[in-house]
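In what follows, a structure is listed as structure tokens, so that the remarks can point back to it.
Not measured: the values here are computed from a predicted model. Convention: sequence-line order gives letters A, B, ...; per-chain numbering from 1.
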Number of protein chains: 4
Amino acid sequence: MNESIGHNSEPVEAFAKEQLRSIIERVERLEEEKKTISDDVKDVYTEAKGNGFDVKALRTIVRLRKMNAGDRAEAETILDTYMHALGMV
Amino acid sequence: MNESIGHNSEPVEAFAKEQLRSIIERVERLEEEKKTISDDVKDVYTEAKGNGFDVKALRTIVRLRKMNAGDRAEAETILDTYMHALGMV
Amino acid sequence: MNESIGHNSEPVEAFAKEQLRSIIERVERLEEEKKTISDDVKDVYTEAKGNGFDVKALRTIVRLRKMNAGDRAEAETILDTYMHALGMV
Amino acid sequence: MNESIGHNSEPVEAFAKEQLRSIIERVERLEEEKKTISDDVKDVYTEAKGNGFDVKALRTIVRLRKMNAGDRAEAETILDTYMHALGMV
DNA sequence: ACTCCAATACTTTAGC
DNA sequence: GCTAAAGTATTGGAGT
């Protein structure tokens, strides 16, 4: 039992086309949401700046906190080693 | 040596500390949301791949469509651009 | 109603066109050179990696050294302040 | 004068230190060159501006031309892309 | 594991 | 001087 001959001459492709459309739309919807949130982040920093905070330092803090304790320690060890070797202490 | 009547010896700094904490937490919350959405995007592509779609091509389509509002318009006005550049306005 | 006796019917525009061409070519030449150097930088890091160095740390070193002593000290002070406030010491 | 027993307690590290120094210096030298060229590009645009050209438009032209090898080809094959995405290869 | 490319984030510059 | 935009650098992920 197939979906009969001829009502639709390209059933498979039509289906795939619908799938494609759906995929693209879902992705685009999600990326819009992401953009909204990115803008929210910007707003937070802008407001912080207005309250006298140093935005660059704030971003650094967020970045440091994102590393877990172990990774951060390791990264700092390597860095210290290199800095000592170069007399940057 | 104290600023105002001393119930709290560092009222300003304490306030700033709270502000700082709040800023960082808001940013971190937002970035978590962003990560969630990024993962959702990945899921969409993974599912698409399971249905036989070429993920790289899908990403290309999304990228080209994103360009289109701005860059397509820009490309269409390239002649104008040249004319302006030549002072033929 | 044309400008001067007709050896060239659009002398001004032709001149501007030549200028334009020259500008574009000079810029493109310079950007090629820049790309070459960027690739050289990449090569240095790749070689360093092959010798067991941590490339990310190396990049951090270069970035730190680029800041002058004063700026770096200031940046570190702000950062320390924030980190202490957040108990990240 | 050999690095075996005891004349030098850290021969490997000393060697690494020299390597490190060399890497950093090479990178810094290359980045200086890059900066010089970037400044040259700026000069070209500044001079162009002095001759009445619209710098923003010039930058647009350069950017569009840079796109053309890759992206124009990509745009031209967008139908192919869709077909692949639909498994109509 | 490693290379390559796309995506994000940061920096600097131009315009209001 | 500040906001907006471009260009540049770094990071992460996908494919081999």
F/dA9 P sits how many Å from D/Leu30 CG, rounded? 12 Å
Report the residue from D/Val55, D/Ile61, D/Val62 that forms a side chain to side chain contact (heavy atoms under 4.5 Å, CB included) with D/Arg59. D/Val55
Counting only N and O atoms by type, is there a donor-acceptor contact under 3.5 Å from the side chain of C/Ser38 to the main-chain atoms of C/Lys34? yes
What is the distance from CG of A/Leu64 to P of E/dC10, rounded to the nearest Å? 12 Å
Are more than 12 heavy atoms from other residues, nucleotides or ligands located less than 6.0 Å from atom CZ of D/Arg29? no
What's the CG-P distance between D/Leu58 and F/dA6, to the nearest Å? 15 Å
Respond yes when some side-chain nitrogen or oxygen of B/Lys49 is under 4.0 Å from OP1 or OP2 of F/dG15, and no when none is. yes
Let me know the distance between OH of A/Tyr45 and C1' of E/dT11, rounded to the nearest Å. 15 Å
Please tell me if B/Lys34 has a side-chain N or O lying less than 4.0 Å from either OP1 or OP2 of E/dA9. yes
Do side-chain atoms of A/Tyr82 reach the backbone of C/Thr60 as a donor and acceptor pair under 3.5 angstrom? no
Side-chain (C/Thr77) to main-chain (C/Ala73) donor-acceptor, under 3.5 angstrom: yes
Checking all strands, does C/Lys42 fall into the base, sugar-phosphate, or nothing category for heavy-atom contacts under 4.0 angstrom? nothing
Protein-nucleotide distance (D/Ile37, atom CD1; F/dT8, atom P), rounded to Å: 12 Å
Residue whose closest nucleotide on DNA chain F lies nearer the 5' end, B/Val55 versus D/Glu31: D/Glu31
Would you mind reading off the distance between D/Ile61 atom CD1 and F/dA6 atom P, rounded to a whole angstrom? 15 Å
How do D/Ser38 and A/Lys66 order along DNA chain F: which one's closest nucleotide is nearer the 5' end? D/Ser38
Strictly below 4.0 Å: does D/Arg59 bring a side-chain N or O up to OP1 or OP2 of F/dA6? no
Within this structure, what is the CG-to-P distance between A/Asp39 and F/dA5, rounded to whole angstrom? 12 Å
In whole angstroms, how far is the C1' atom of E/dT8 from the CZ atom of B/Arg63? 15 Å
Side-chain N or O of A/Lys56 versus OP1/OP2 of E/dT11: is the shortest distance under 4.0 Å? yes
